Amino acid sequence: MYNFNALYEPKDIAEALALKSEHPEALILAGGSDILIKIREGKLAGCDLINIYGLDELRGICLEEDGTILIRPLTSFTEVSMSPVIREHLPVLGEAMNQIGGPQVRNIGTIGGNICNGVTSADSASTLKAYDAVLEIASLKGTRVLPYLEFNLGPGKVDLREGEILTGIRIPKESWSDTYGFYTKYAMRRAMDIATLGCSVNVRLTKDKKQIDRLRIAFGVAAPIPVRSPKAEAAAQGHAVDEALLDLVAQASLEDVNPRTSWRAGRDFRLQLVQELARRSTKAAIERAGGTING
């Protein structure tokens with residue numbers, strides 16, 4: 001049995017926003033793959049729910065006129081990975097989605113829920129941060145736009161203010177154009193497990209494929225929230241595509257992470273993973289971009 005107090009089912013976004021304003025403590029229910037488990041465990045017993053899962057206007061992916069990729073928050077992990085837009089322009093995001101849970105979870109879980117729960121292990125988070133995703137957040141007062149890099153406030157805490165609902169995730173063309181990415185997830189099991197550490201890298205090479213024109217790298221479970229590594233990105237800028245680059249990225253990444261010890265892994269092991277996954281993901285992204293690592 002699920003112990004909740006009230007369930008509201010709006011017919012459109014406007015009604016959902018009105019309900020969220022009227023019942024600020026009510027929780028937004030999307031796919032339910034996270035929140036229903038917590039209710040059943042008693043962690044959220046007696047809560048009020050606003051079920052937005054039936055709002056198709058919050059579902060789907062499209063390429064806008066200016067080249068921006070728009071992902072609506074109720075799009076399931078499976079729908080993200082199967083989207084022609086994602087497969088053509090941002091395949092690494094679909095690959096990350098395919099590493100979440102099993103088929104049942106991927107069919108019901110939503111990308112919006114994945115980032116709104118604020119956990120550092122969210123498999124979509126590091127790739128979205130590495131691609132400079134921008135969030136569209138609506139309330140009865142209007143819509144505000146927030147870089148995803150500023151969304152996570154702490155473990156399980158995100159910048160959703162009273163009366164607000166996430167309505168869109170946008171990735172600008174400048175972020176994905178001529179860019180190739182790779183996501184590496186390390187977990188205790190090879191399938192259906194939460195990441196011990198995750199790393200997403202994307203690169204844009206110079207025309208001759210010999211140097212880094214731009215590199216972006218982000219980690220999950222390497223800090224209390226998903227984080228980018230500005231030090232590694234700056235160190236890679238203009239660097240030759242060689243083994244020294246991989247060492248530099250791996251070492252510089254350590255300056256922007258702060259992993260903890262948990263029952264899944266110790267801090268020292270996670271620091272080792274940061275370096276190894278940074279190397280592997282950077283190398284794979286470069287190879288996808290047509291580059292070759294020279295000694």
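In this chain, numbering begins with 1 at the start of the sequence shown. On a predicted model such as this, the values are computed, not experimentally measured, just so you know.
- Taken to the nearest 0.5 Å, the CD atom of Q272 stands 11.0 Å off from the CG atom of L254.
- Residues I171 and T68 fail the side-chain proximity criterion, which asks for heavy atoms closer than 4.5 Å.
- Cluster membership check: Y8 does not share its hydrophobic cluster with I35, using side-chain heavy-atom separations under 4.5 Å among Ile, Leu, Val, Met, Phe, Trp and Tyr.
- G94 and S81 get closest at one heavy-atom pair: O-CB, 3.6 Å.
- Put simply, the side chain of L277 reaches to within 4.5 Å of the side chain of Y186, judged on heavy atoms.
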Check against side chain to side chain contact (heavy atoms under 4.5 Å, CB included), I115 and L166: CA-CA 10 Å; I115 64 174; L166 176 68; 4.0 Å; yes
Kindly indicate, with the supporting measurements, whether the criterion side chain to side chain contact (heavy atoms under 4.5 Å, CB included) is fulfilled by I52 and L29. CA-CA 6 Å; I52 65 170; L29 180 65; over 6 Å; no
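- Exactly one residue among E164, E162, R161 makes a side chain to side chain contact (heavy atoms under 4.5 Å, CB included) with P24. That residue is E162.
- Side-chain contact between H239 and Q211: absent, with no pair of heavy atoms (C-beta onward) separated by less than 4.5 Å.
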Give the C-alpha distance, both sets of side-chain angles, the deciding distance and a yes or no for side chain to side chain donor-acceptor pair (under 3.5 Å) between R267 and N258. CA-CA 8 Å; R267 172 183 168 83; N258 184 27; 2.8 Å; yes
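- Residues R228 and D256 are not paired through a salt bridge, judged by the lack of any N-O separation under 4.0 Å between the basic side chain and the carboxylate.
- For the residue pair S139 and R144, no side-chain donor N or O sits within less than 3.5 Å of a side-chain acceptor on the partner.
- Hydrophobic clustering of Ile, Leu, Val, Met, Phe, Trp and Tyr side chains at less than 4.5 Å, counting indirect connections, unites L146 with L128.
- In this structure, CG on D159 lies 8.5 Å from CD on E150, to the nearest 0.5 angstrom.
- Looking at every heavy atom in both residues, C116 comes nearest to V158 through O-CG2, 3.6 Å.
- Side chains of T282 and L215 form a contact here, defined as non-hydrogen atoms less than 4.5 Å apart.
- Judged purely by distance below 3.5 Å, without hydrogens or angles, the side chains of S200 and S126 never pair a donor atom with an acceptor atom.
- A cation-pi arrangement, defined by a distance under 6.0 Å to the six-membered ring centre and an angle within 45 degrees of its axis, is present between R59 and Y53.
- A salt bridge is absent between D242 and K210; no separation between the charged side-chain nitrogens and carboxylate oxygens falls under 4.0 Å.
- The CD1 atom of I108 lies 8.0 Å from the OG atom of S76; values are rounded to the nearest 0.5 Å.
- Annotation for I37 and S33: closest pair CD1-O, 3.0 Å, computed over non-hydrogen atoms.
- A distance of 12.0 Å separates CG in D56 from CG in D12, rounded to the nearest 0.5 Å.
- Salt bridge annotation for K11-E57: absent, with no cationic side-chain nitrogen under 4.0 angstrom from a carboxylate oxygen.
- Hydrophobic clustering, with ILVMFWY side chains joined whenever heavy atoms are under 4.5 angstrom apart, groups I100 together with L93.
- The hydrophobic clustering, which links ILVMFWY residues whose side-chain heavy atoms are closer than 4.5 Å, places F151 and I111 together.
- Contact detail for K129 and N152: the closest heavy-atom pair is NZ-OD1, 2.9 Å.
- Residues L58 and T110 are not in side-chain contact: their nearest non-hydrogen atoms beyond the backbone lie 4.5 Å or more apart.
- Note that CD of Q275 and CZ of R279 are 9.5 Å apart. Values are rounded to the nearest 0.5 Å.
- Side-chain atoms of D123 and Y183 include a donor-acceptor pair closer than 3.5 Å.
- A side-chain N or O of T78 and one of N107 form a donor-acceptor pair less than 3.5 Å apart.
- No donor-acceptor distance shorter than 3.5 angstrom exists from the side chain of S229 to the backbone of I217, with no hydrogens or angles considered.
- To the nearest 0.5 angstrom, D178 atom CG is 6.5 Å from Y180 atom OH.
- More than 12 heavy atoms of other residues, nucleotides or ligands sit less than 6.0 Å from atom NZ of K209.
- Atom CD of E41 has more than 12 heavy atoms from other residues, nucleotides or ligands within 6.0 Å.
- N202 has its side chain out of reach of V92: every pair of non-hydrogen atoms, C-beta onward, lies at least 4.5 Å apart.
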Output, in order, the C-alpha distance, side-chain angles, deciding distance and verdict of side chain to side chain contact (heavy atoms under 4.5 Å, CB included) for I194 and R264. CA-CA 9 Å; I194 295 172; R264 292 181 180 276; 3.5 Å; yes
Given the rule in the salt bridge (charged side-chain N to carboxylate O under 4.0 Å, His left out) test, do E95 and K185 qualify, once you have shown the distances and angles that lead to the verdict? CA-CA 11 Å; E95 293 162 3; K185 174 180 179 176; over 6 Å; no
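- A salt bridge does not link K207 with D213: none of the charged nitrogens is closer than 4.0 Å to a carboxylate oxygen.
- L17 and I169 end up in different hydrophobic clusters when Ile, Leu, Val, Met, Phe, Trp and Tyr side chains are linked at under 4.5 Å.
- The side chain to side chain donor-acceptor pair (under 3.5 Å) test with T179 singles out one residue from R204, R288, R216, and that residue is R204.
- Using a 4.5 Å heavy-atom cutoff, the side chains of I212 and I286 are in contact.
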Would you check, one step at a time, whether the test side chain to side chain contact (heavy atoms under 4.5 Å, CB included) holds for T143 with E136? CA-CA 7 Å; T143 300; E136 175 187 281; 3.5 Å; yes
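- Taking both residues in full, the closest heavy atoms of V257 and A222 are given as CB-O, 3.4 Å, listed atom of the first, atom of the second, then distance.
- Counting heavy-atom neighbours within 6.0 Å of R260 CZ, excluding the residue itself, gives a total of 12 or less.
- A side-chain hydrogen bond (donor to acceptor under 3.5 Å, both in side chains) check over residues 82-93, counting only residues at least two apart or in different chains, returns nothing.
- Panel note: side chain K157, backbone G118; no donor-acceptor pair is recorded below 3.5 Å.
- Side chains of L44 and L27 form a contact here, defined as non-hydrogen atoms less than 4.5 Å apart.
- Looking at residues two or more places apart in sequence or on another chain, you find no salt bridge (charged side-chain N to carboxylate O under 4.0 Å, His left out) involving D66.
- When all heavy atoms of A187 and T196 are compared, the closest pair comes out as CA-OG1, 3.7 Å.
- Remark: the backbone N or O of G46 is not paired with any side-chain donor or acceptor of N5 at under 3.5 angstrom.
- Contacts of E64 classified as salt bridge (charged side-chain N to carboxylate O under 4.0 Å, His left out), with partners at least two apart in sequence or in another chain: R170.
- For R280, the CZ atom counts as loosely surrounded, since its 6.0 Å shell holds 12 or fewer non-hydrogen atoms of other residues, nucleotides or ligands.
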